[in-house]
Amino acid sequence: MSLQITALHKSFDGQVALERIHLAVGASEFVCLLGPSGCGKTTLLRIIAGLLPADGGRITLGGRDLATLPARDRGFGIVFQSYSLFPHMTVAQNVGYGLAIHRTPADVVQARIAELLDMVKLADFGTRYPAQLSGGQQQRVAIARALAVNPSLLLLDEPLSALDARVRADLRHELREVQRRLGIPTIMVTHDQEEALAMADRIVCMQGGRIAQAGSPRELYLAPRTRFVANFMGHSNLLPPAQARLLQPALGGAPEGMAPESALLCIRPERLQLQASAQGTGRVTGTTFLGNIQRVQLHWNGLDLLAESSSASTWEVGQSVDVSVSAPDCAWVHA
Amino acid sequence: MYASERWLLRACLLLPLAALVLFFGVPMLTIAWRSLVQDTGGIGWGNYAALLDTPGVWRALANSLLLGAVTTAVTLVLAFVVAFGLERTCMPGRRFVAGALALPMLAPSLVLGLGLIFLLGRNGIVGKMLGVRPEIYGFWGLLIADVLYALPQAVLIVRTALRQGDARQYDAAEVLGATPWRQFCDITLPQARYGLLSAGFVVFTITITDFGNAVVIGGNFAVLATEIYNQVSGQMKFGMGAVVGMLLLAPAALSVFIERMAAQRAGAGAESALPPTLTRRPGRDTAFFIACMGIACSIVALVLTVVVASFIRLWPYRLDLTLKHYDITIAGGYAPLWTSVWVSALAASVGTVMLFVLCFGIRRMPGRLAQAATALSALPVGVPGLVLGLAYVFTFNTATWPWGMLYGTAILLALCNYYHYHTQGFMTMMTGMRNVPTTLEDATTVLGGSTARVLRDVYLPALLPTLLAVLVFLFMRSMVTLSAVIFLITPSLPMGAVTVMRLDEAGLTSQAAAFSTCIMAVVGSLALLLHLGTQRRKPGSKPA
């Protein structure tokens, strides 16, 4: 089943939270809603879940209108950042909660609990209480609880944000693995662009209650359409058309349909090539060693640029360098 | 740190700790010891054995248990309804309900009993209007008065428990398909259960140790609190009194233990928990509005009746207004009121200073001693006033020990009232201490500030609201408490709450009402002052 959102909007006390949202989520697609806090991503997720009413617009799942369906009858699964397990229930009771509500026979519930705990690698933890588990384990239980009811849509509200970096990376992988295996359409809210890049089939980048750009992780990273998306998806160098021509004459001016004063050329730091040269127009102003790579700050034609190079090469502050880039590695964005 | 400063800090910890041991630890050990000292001389379980043969005590024990159990059950149901209405519904009039619930805290416990007599007693207004003479004295009157007296404290505890909800748990349950009723049973009730348990013990303890209502409206229904008073004051059986005192310790001690356990269990909640969002549900809100208003109005009606009756010539027959009941005719007149004010002011100021110094010492000198002080400070809340008062008599009514000279002084009364409420004050003070920024304290020290400077520039500004709250709390409690001081007062040193009881015993019910009104006026105006003062302190903060 696929989810279809049309012209959705919502405001709180006159403050617009969501504006003209159009979005489709495919049958087994993993979509990330990405954006800074206050961009409306969580509001959108809560409206999809049915926990918040929309002011207007349509949401359909497999052609069925969800407007009149309360959250508890939608049959979705949801996972929150704060785990939100029931503290007085055992792990098994938590996982089986959704099934128990729907009056599933006890033996079926038991079998399903065992199956899910196995899936999230907590087979021996059924009799423990949430307080006896680590954060990562609690979140696994929350995921199992959401999946137990065979949800037609899985909603994840920053599920990994509260976890340690290491646990987060592991769980990121596991979550994606499980989702792929079960083929459940999934929407995840996050403010972590790295997480979105690593997990999503499609990223929906949001800004101020609107969708700024939606597309594959590769598209959003390499061909952002606006300055906001370019900056949010990682470090970038943004050059006005005049300097862009100096760097890469093949690009010509700003593309058609874009006024020169509102066009910027976006170049990712790792795509900038540096060459030590006494006649170079760039000058190294600083370096940051990051282990596998190093960042090089440059001054070039009145602009500050950021480049990334292998940590094998050494750069001295004050050194003159040649800066170049190949035309396909650049993208024009709206300022 | 200089040696002199280290000594100052050590004194901060040792002085209040020594006082706590002397004025709480020693009396409690003494009463335990006295329960073992037999009338015939010698040490043994004789008093406990004698208790088994005293028919009056058994009767009182059975009555107390029955009354305690029924009061607890009724109060818990009502407290949950009110707390839920205040915390989890959008019903109108929440401020009024919260305000009405604060009323019994401003008055001696027996004021509710008085109000009940004026309303439903043999010469009550209801009986007169309906032409009947209802029998309110005894179990039912005591039940109503105790329920309304214990209700505010139970509501406070249950509200705290309900406030710790996590909106996300409700969202998760909702998405999993749980109906609102199911969510209530699976999330709200389990969350409140330790609060309910703890409130249950508190109510039970209050009920079986409350003295005021038992005297005023208990009639022939003998309970343990009146029995212990009769044994000691009437029959001079001190050993037996000590035994009953030890019995009264049991439920209170248990409740402290349960509360500890609950606090540990409750620690599992997520720090990032969002409070549940309130949604308007007309049906539910209306139901809670009606129930809460009914309860709040009964309390207001009882207290108001006492105030009104104090101005009436002959309740309920001659309803013209008069001030003649304010002309107190028994010995001393208004002197006990001023003694109460003086003793309460003493208890409040000594208590606040002691608590501040103790908490400062605990924070600055962590270690074994600080742990001991914290542990000991948690105990007084488990000791009923009646038992503490009796323990003070055993300890300080002595000629052999130097502290015997405190007996019969206002200082001892003040200390008894302070240590009776030491735990609550200690908790408030420690919570307030947490608001003192440690980094600011360190910064001041690194900049060269002495301990005195740290106190003045860091602690005092951050703690001012807390100090004020503790001060007023101790003053208010000290003004209205009856059970702790009933054994300690002497003819030359009477207290206000005791005088109300004496007036009622002498049949001067209207004068008792007038005297109660005066106490409520003093306490109420102070509470109002504090309320206004703290409101101005934090502009923009949301009203609770």
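Below, read A as the first sequence line, B as the second, and so on, with proteins coming before strands; counting in each chain starts at 1.
Here the side chains of A:P87 and B:Q169 are in contact, with some heavy-atom distance below 4.5 Å.
For B:V175 against A:A49, the heavy-atom pair with the smallest separation is CG2-CB, 4.4 Å. In plain terms, the two heavy atoms of B:D166 and A:S84 that are nearest each other are OD2-OG, 4.1 Å. Across B:A178 and A:I101, no two heavy atoms sit closer than the pair CB-CD1, 3.3 Å. Closest of all the heavy-atom pairs between A:I78 and B:A172 is CG2-CA, 4.0 Å.
To the nearest 0.5 angstrom, A:Y83 atom OH is 14.5 Å from B:R168 atom CZ.
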Next item on the list: List the steps and the verdict of side chain to side chain contact (heavy atoms under 4.5 Å, CB included) for A:F86 and B:D186.
Entry: CA-CA 8 Å; A:F86 305 120; B:D186 290 340; 5.9 Å; no

Next item on the list: Check the pair B:D171, A:R46 against side chain to side chain contact (heavy atoms under 4.5 Å, CB included), reporting the backbone distance first and the verdict last.
Entry: CA-CA 9 Å; B:D171 286 348; A:R46 292 179 67 81; 2.7 Å; yes

Next item on the list: Assess whether side chain to side chain contact (heavy atoms under 4.5 Å, CB included) is satisfied between B:R193 and A:H88, documenting all intermediate values.
Entry: CA-CA 10 Å; B:R193 70 194 154 154; A:H88 58 281; 3.2 Å; yes

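With a threshold of 4.5 angstrom between heavy atoms, A:F76 approaches chain B through its backbone and through its side chain. Looking at A:H102, only its side chain comes within 4.5 Å of chain B, counting heavy atoms on both sides. Both the backbone and the side chain of B:T179 have a heavy atom closer than 4.5 Å to some heavy atom of chain A. Interface remark: A:L85 contributes backbone atoms only to the contact with chain B (heavy atom separation under 4.5 Å). Looking at A:L51, the atoms closer than 4.5 Å to chain B (heavy atoms on both sides) all sit in the side chain, from C-beta outward.
Counted within 6.0 Å of CZ on B:R163, heavy atoms from surrounding residues, nucleotides or ligands total more than 12; the atom is thus considered enclosed. By the neighbour-count criterion of 12 heavy atoms within 6.0 Å, atom CD of A:Q132 is densely surrounded, having more than that number from other residues, nucleotides or ligands.
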